[in-house]
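In what follows, chains are A, B, ... by sequence order, proteins preceding strands, each numbered from 1. When reading the values below, keep in mind they use all heavy atoms of this one structure, side chains included, and skip hydrogens, waters and symmetry mates.
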Amino acid sequence: MTTTTTTSGVRVIRDYDRPLWRRILINREFAIIGLLVLVVIVSAVSIRGFAQPITVNYLLLDVAPILLIALPMTLVMITGEIDLSVGSMVGLASVVTGVLTESGAPFEVAALAALAVGVIGGAFNGFLVTVVGLPSLAVTIGTLALFRGLAVGLLGTTAVTDFPEMWTALAKAKIAGTTIPYIVIPFLILLAIFVVVLHFTPFGRGIYAIGLSKDAARFSGVNVERTKFILFMLSGVVAAFAGIFYTLRFGSARGDNATGLELQVIAAVVLGGVSVFGGRGHLHGVVAAVLLIGVLGSGLRLAGVTSDVINIITGGLLIFSVVAASILAWAQRIRAKAGPPLRVAASPAP
Amino acid sequence: DTGSGSGDAGSGEGGGSDNLSITFLPKNLGNPYFDTSSEGGKKAVEEFGGTFAEVGPAEATPDAQVSYINTATQQAVGALVVSANDPKAICDALNEARDAGVKVVTFDSDTNPECRDLFINQADSEGIAKVQIDQIAEQIGGAGEIAVLSASANATNQNAWIELMKEYVASDYPDITIVETVYGDDEDQTSFDKTAALLQSHPQLKGIVSPTTVGIAAAARYLSTSDYKGKVALTGLGTPNQMREYVEDGTVTSFALWNPADLGYLSAFAAKALVEGDITGKEGDTFEAGDLGEYEVGADGVVLLGDPFVFNADNIGDFDF
Amino acid sequence: MVDEAPARSAPPTALELHRVVKSFGPVIALRSGSLTLQSRSIHALIGENGAGKSTLVKIMAGLYRRDSGDFRLHGEDVDFTSTAQSKAAGIAVIYQEPTLFPDLSVTENIFMGRQPTGALGRIDRKAMRTEVDQIFRRLGVALDPDRITEGLSIADQQIIEIAKAISLDASVLIMDEPTAALSGVEVDRLFAVARSLRDEGRAILFISHRFDEVFDLCDTVTVMRDGAYIDTTPIAETTVDDLVRQMVGRDVTELFPKQAAEIGEPLLEVRGLTSPGIFHDISFTVRAGEIVALAGLVGAGRSEVARAVFGVDGYREGEVRMLGAGVPRRNPTAAMRNGLALVPEDRRKQGLVIDASVGGNITLAIRRNLAKWGLITTGMENRAAKIWASRLEVKTHALDTVAATLSGGNQQKVVLAKWLATDPRVLIIDEPTRGIDVGTKSEVHRLLSQLAGEGMGILMISSELPEVLGMADRVLVMREGRITAELDREDATSENVMFAATHASEQHA
Amino acid sequence: MSTTALAAPAPAFAKKPGGIGRARELGIFAALVLVVVAATVKNPNFLFSADGWRDLLLTPSILVLVAVGQAIVIITRNVDLSVGSVMGLTAFLTGRLFIDVPGIPIPIVVIAAVIFGALLGLVNGALVAFAKVPAMVITLGTLYAYRGINVLWTGSDQVHPSDLPKDFLRLGTQQILTIPVLSIVAIIVLALAAWYMRNTRGGREYYAIGSDPGAAELYGLKTTRRVLSAFVLSGALAGLAGVFYVTRYGSVSSQVGSGWELDAVGAAVIGGIAITGGVGSVWGAAIGAMLLMTINRALPILGIPDFWQRAVVGVLIIGAIVLDRLLAVRQKRQLIEARDES
Ligand SMILES: Nc1ncnc2c1ncn2[C@@H]1O[C@H](COP(=O)(O)OP(=O)(O)OP(=O)(O)O)[C@@H](O)[C@H]1O
Ligand SMILES: Nc1ncnc2c1ncn2[C@@H]1O[C@H](COP(=O)(O)OP(=O)(O)OP(=O)(O)O)[C@@H](O)[C@H]1O
Ligand SMILES: [Mg+2]
Ligand SMILES: [Mg+2]
C-alpha cells in the first residue's frame, strides 16, 4: 500500500507519506489516550479510595453532560465555529422540563418539549450564524445570556423537584452487575452516530473542508450554510438532552443549572486535539480528553487537593497540550540545527 | 481513642464507629462567612482530636457540591458537614454517603430532612425574619417602602426567611410594604449594582434588608458613597468585620447575625456525637458541645444554635470575625 | 551543464546565489540553485512548475533559510533570517501569490511597517498619499487609494504588490510571476516602469511563464529544472525553442493543439442573467464538443458570471438551463448534479482546500458518488484519487501530502483532477493556465481539446489572447458586465476581440 | 507578436474605508443614547440626580478598560479570555499591598497592580506568540490557572473596606466637575489607545497582523513582538481595572472578575470589532462596554423584572450585532449596485 512502483512508465502515487505506526504515534489523540491511561494507573495505585468500582459510577455521572455535549461541539468546532450557549441551553431545557412537569404534564411530554426547545434554540443560533452571517462567537455570547435569562425568568426562585421516581432512578441506575450508569448507553449510541457521521460520511468530509476553507468547500458543492445550521441544531438538541439528564440526576430543575459548563466542554474539546481554527480533530481524542479531565479531578479531590489547585492543573494541562508540540518542534530544531520553521501558513480567526 | 481516627475504617458501619475524620463542605470556598464557620468547626475537631478537612467548590452550585459529597463517600469519612446549595439536588448523593456509613450534618442551609441526620439551625427562621424586620421597622419609623437584596434566587434559607418576613410585615407592620426582592447572587459587584438600581427605581425607598453577608456589605458600600447615606436604612445579616466601617460611619445602625464560628463549632460536635453513636438524630437526644454546653435535638432532627445577635455601634468593637 | 553561472563582464554583480540547497522534510525543493543578478539589468528566471523558482525567491527574501550554499549581496555574504532584514538590505520582492491585508486600505498596504512619520511617531498620511498618487500615476493605475483591498480582483491586488515593491526604492527588485494575472496595458506599464528602474541602475529578477514577455523585457535568462541551475544566456543569443528544451529536457509540441470536434446539441444555456452592479443580461449557449471562450478586460465581470452560473453566487434575474432542465440558483450541488463543473480563478482559496491532502482534494467534489450506503472511507478516496492524480501526472510525494506544499502548476492539476473526476458535461474553467509552465500548459490545452472532442462543452475564461484565439470555437467578449460581441472562430482576430472589449468603454469614459 | 493580452485600467470605484466602521460605532452609540433616554424618561433620576449621573459614568469605566485591552488583542486576531482572572488577581494584590505594607502610597500600589497585570499578560502573550498556538486555548488555560492561584492565595483572607485607606476608597467616588475620577482615567486611557491604534506604525501593525498574519510575516513586521505587546497591554489594563474594582467596591473576594471575559469580548464584538481580527476601533469597544453596563442598570428602572433581565441583555446583544450586520450588508450592496450608475 505504501510502495512506489513504476508500471509501464506511469508513476504510481503512494497513499501515505509515513508508515502507519508513525502516523499513529505522532498524533495528538494518541498522546491524550496515553496520558489518560497513565493517570488512571497512577491514581489507582497511589490514591486511596480511587481503585473501587463506585469511582467509575461517580466519574461517569459527573462527566456525562460534558461527554454528551462535547460530541456535537467537536463537529461545530471543526467547521471553525463555536457554541458558547450550551451551558445555558442545559439550564433552559432543565427549566422547561421542570415547569411543564410541575404544571401537570407527563414527564415524557415535558422532556420532549425540552428537546424541542433545544432544537429551536440551536436553530436560532444556526440561523444567526448562517443566514444572517454573524460570527458564532458573538452570536452565542448573546444566546448564552438569552437562554440563561429565559431559564431564570421562567422559574424564578423556585426549583422544581417533583419528578417521577422511575425516571430519576433511571438517570442514576447502574447497569446490572456493574457500577456503570445507564446514561452511558445513550452516550455510546450517540458517539457511534457522531463518529460515523464525522469520519465516514460525505457530510463529515464536508465538515472538515468547511473548517479548512469555507470558500473552497462552497466551490466544491459543500452546502456550508446547511451543514453549519444542522450542526448548531444538533448542538442545541444534545445540550437539551444533557439538560434533561442533569435535571433527573439531581432531581432538581433550576434556572442556574450547569452555569459555566460551556467553558468546561470547550476546554475538553480543545484538549482532545480539535483546532479552534477548525478543520482538525477527532472524536476519540475528545472523548479521551473529557475522561482525562474527569479522572484528574476525581483523583485529585480524593487525594484531598482543593478545587483551586484542580483548576490550576486543568488550565496548565490545556496550555501544555498545545504548547507541547511547539516545544517538541523547537527541541528538534535545536538538535537538527536547521533554520526557523516555515512562516507562510496564515492562520484563520480565533 | 483519638488522632488515629483519620479514616482507617474504610467500610465504616453506622452507629458507634470512632472514625472522627470530619469534612466540612460549605456552599463555596472563599466566602468569609463560611471561612469563619469552618474555623469554628476546625477548632472543635481539634478539641476532640479528630481530623478536620474543608473542601468545596469555587462557585455555589449544587452539582459541584455533589462531586465533593461523592468524594467524601469514596474516602469513607466519618461525617460530612454540609451547607446545602439546593435542598433536593444534593439529596441522593448525601443518602448514598449515609448508606456507606457517613454521618451527615447540615448547617446554615438545610436539605430535605430525609437526606441528613441532623440540621444545625443558626436561629429559627421565624426569629431571623423577625429580628431583621423589627430592626428595619425601628430605623424607618414603622412605615414606608422597603426592598430585599437577597443572595441567589435559589438559596434555600434566604427564600424561607423572605417568605416569613413578608408574612410578618403583613401581620405586624401594615404600613410597611416590601416593594421588590432582587438577587445579588452573593457576588460583591452584582449586589452593589442591584442596590444602585433599587435606589433609583424606587425613589420612595426607606430601607433595604439584605439577609446575606455578601449582599449587606455591598449595599452598605454603595450607600456609604451615595447621597442616600443616612436617608435609606440598611439592615440584614452581616459579619462585624465586613460591617465595622459602615456602622462607624453611620451608614448602618444595626444588623444581626449569629456567630458563624459557633455554628461551625456546634456542627462539628454534633457530627462527633453522631459518629460515636451518642445520638442518632431523634428528637430529644442530647449531646455535649464543648464550650457551648449541652444541646438537645428538636423536631425533624433540628438543633437550634440560639437567637440571632444584634450588632450596633456600641457592641461591634467586641467582635472579630 | 550544471555549472556556475558565467560571470558577465560590464555591470557590477548585485546579488549572487551559488549552489543553494533547500529541502522541506523529504521534499528537496532546491538541489543546486544558482543565480547572478547584475545591476542595470533585467534577468529572467524560467523553469517548469515546481522547478524551484519561488523557493529561490523566498530564500532571497529571507522567508526561508537555505540549508547550504552561498548567498552574496553586493559582494558580501548574507544570511537573512527575516523578510525585514532583506528589505533593509535593499531587496524588494513581489511574491507569486498576492499577500495583502484585506481589511486595510490600498495606501496602508503599500506602506505598512514603514509609514512616514511625524512628531510623536504620528503617521504622516498626507505624505503617504502623495507618494501613492505618484506611484499610481507612474503605473497608470486608477485605483482608489483609500478603499480596502478586500474584494479586489487578483489583478488589482497584483498591481498593489507592484506599487509596494516599487515604492521600496530597492537596489534589487524580484518579481515572481507578476504578470500572471495581468493583461496588456498593465503589463506594458509594468514593463515601462521596470525598464526605467533598470536604467536607474537596479537589478531586476523577472519570473514568468510567458516567453514573449521574457524576450520583450529581459537582458539575460536563467533556466532551472528540477531544483537545479541549468544555464544562463544573454537573451539575444537564445530562442524560445532552446529555452523550452532546457526547461523541459525535451521538445514541446504545438502549444494550442486544437482538435476539430463535432459540435453537438446545446448543453448549457444561459438566458438574461442579471445581477445589479455586477453583470447584466448575459445570454449564451455552450454546445457539446464546443470550446467557448469568455474574453474581456480585467474586471469585466467574467468570473462573476461563472460563479453565478455554477451557483456559488446568486443572481437577480435570468435563468440557467442544462440540457433543457432549469438549474436552481445559488446551489452548486444542484449545478454539479446537472453536469456542471467550475475550475475557479483563485486556486489557493477557491479551487483547493489548501491545507487538506491531495487525495482529499481530488475526491471532495465526488464524495457523495464515492460513498457506498452513505459511507466513505479514506481507502475509497485514495483509490479514486490515485486514478486522477496519475492521469494528470500530479507531482506529489504521496496522496496524503498537504496540497499547500505543491507548486502552483501541480496545484492547478489537482483542481482539474477534482473536477474531471465529477465527469461533467460542461466544464467552466476560469484562467485555466494562469501560472502554468509551457509543458503543463500545452498538456492542459491538449486535455481541454480532448475533452471537447469527447463531447464535453467547455466555457473557458481567459485573459490571454493567444489562448483565447488558439483554443476557442466561439469567443464571447464582455465589457463592464455585458456581453458586447460574439465571434466565431474565423472572425475572432485579436483586433476584433480587443475592439469589442474596449470599444464602448471609450465612449463611456 | 504572440501574447497581446487584454487590459484596461482597473475600475476605480470609491468607497471610504472608514465609512462603514464609523457608521457602526455611531449605531451602537445611538443605541446607548436610546437606552439612557428611555430610562431617564421613565425615571429622571437615572440621569438627573447626582448619584444617577455619577453611576452612569462610573459603572462602565471598569469594563471600558478591560474592553479596550480586549479590543486590541482581538484586532490582532487573538482573544484574551483570562482578563477576568487577571483582574481578580490584581484586585487582591491591591488589597494585600494596603494590608501588608501599611502607609504605602496609592500611586505605588496602582503601578504595582498594573505591572502585575502586565506580567500576567506577558505569560499569555509569550505562550501565544512564541509557541504560535491559538490564543483562545492558552487564555482559556490561564483563565482557570489564574483563578485557581487567586483562590489559593486568598484563602480565607478577604479584603474588607476597613482594611483599605480612606483616601483610596474615596477615589472610587471622587468627582472633578461632576465627572468621576475613575471615568476620567478610563477616558484618558481610551483616548491614548485610540490615538495610538489609529496614528502610529505600531497601531496600524496590530491591524495588519489581525487582517492577515501570513502577509504580516511576509512584510517583515515584528509579529511576535506585536502580539506579545497586545497581550501585555490587555493584562496591564485588566490590572488597572482590578485597582478600579477595589476602589469602587471596597471588598475583594477570590471571585472578583469571574465571568468578565465574556462581557469584555461581548463589548468588543458589539462595538464592531471583528472577531476575525483587523477591523474595528477601541472607541467601538468602549461604547459597547458602556452599552452593556448601562443596559444592565437601565432594565430595573424600565421595570423589567429581575429574573428577565439577563434574557433582555441577551436579546439586546443579538439585536445590536444583527442590526449592525444588516446595515453593513445593505451598505455593501448599495456600493455594488452604485456601479451601474457610475
Ligand atoms: N513549504 C513547502 N513545503 C514542502 N514542499 C515545498 C514547499 N514549498 C515548495 N515546495 C516544493 O518545492 C518545489 C519547488 O516549488 P516552487 O514553488 O519553488 O516552484 P516554482 O518553480 O515556483 O513553480 P511554479 O512555476 O509552479 O510557481 C515543489 O516541488 C514544491 O512542491
Ligand atoms: N463595473 C465595475 N465597477 C467596479 N468594480 C467592478 C466592476 N465590475 C467588476 N468589478 C470588480 O472587479 C473585480 C474583477 O471582476 P471579475 O473577477 O469578474 O473580472 P474578470 O473579468 O473575471 O477579470 P479577471 O481577469 O481578473 O478574472 C471584482 O472585484 C469586481 O467586484
Ligand atoms: Mg512559483
Ligand atoms: Mg476573473
(message) With a 4.5 angstrom heavy-atom cut-off, is it the side chain or the backbone of Leu139(C) that approaches chain D, or both, or neither?
(response) neither
(request) Begin from the C-alpha positions of Lys164(C) and Tyr219(D) and carry the test side-chain hydrogen bond (donor to acceptor under 3.5 Å, both in side chains) through to its verdict. (result) CA-CA 10 Å; Lys164(C) 196 165 84 187; Tyr219(D) 267 74; 3.0 Å; yes
(message) Taking side chain as everything from C-beta outward and backbone as N, CA, C, O, which of these in Tyr95(C) sits under 4.5 Å from a heavy atom of chain D? Side chain, backbone, both or neither.
(response) side chain
(message) Can you tell me which of Thr117(C), Val93(C), Thr99(C), Asp216(C) forms the most heavy-atom pairs within a distance under 4.5 Å of chain D?
(response) Thr99(C)
(message) Please determine whether a side-chain nitrogen of the Lys or Arg among Asp133(C) and Arg137(C) lies less than 4.0 Å from a carboxylate oxygen of the Asp or Glu.
(response) no
(message) Taking the side chain as everything from C-beta on, heavy atoms only, tell me whether Ile123(C) gets closer than 4.5 Å to Asn199(D).
(response) no
(request) Answer with side chain, backbone, both or neither: which region of Gln115(C) has an atom nearer than 4.5 Å to a non-hydrogen atom of chain D? (result) both
(request) Heavy-atom distances under 4.5 Å only: say whether Leu469(C) touches chain D with side chain, backbone, both or neither. (result) neither
(request) Go through Ser234(D) and Gln70(D) one step at a time and tell me if the side-chain hydrogen bond (donor to acceptor under 3.5 Å, both in side chains) criterion holds. (result) CA-CA 6 Å; Ser234(D) 169; Gln70(D) 185 70 261; 5.5 Å; no
(message) Check Lys58(C) with Asp176(C), please: is the shortest side-chain N to carboxylate O separation under 4.0 Å?
(response) no
(request) Could you tell me which of Phe211(C), Phe101(C), Phe215(C) has the largest number of non-hydrogen atom pairs under 4.5 Å with chain D? (result) Phe101(C)
(request) Check whether Asn109(C) gets within reach of chain D through its side chain, its backbone, both or neither, counting any heavy atom under 4.5 Å. (result) both
(request) Pick whichever of Gly113(C), Gly118(C), Ala61(C), Pro145(C) has the most heavy-atom pairs under 4.5 Å with chain D. (result) Gly113(C)
(message) What's the separation between atom CG in Leu168(C) and atom CD1 in Ile91(C), rounded to the nearest 0.5 Å?
(response) 11.0 Å
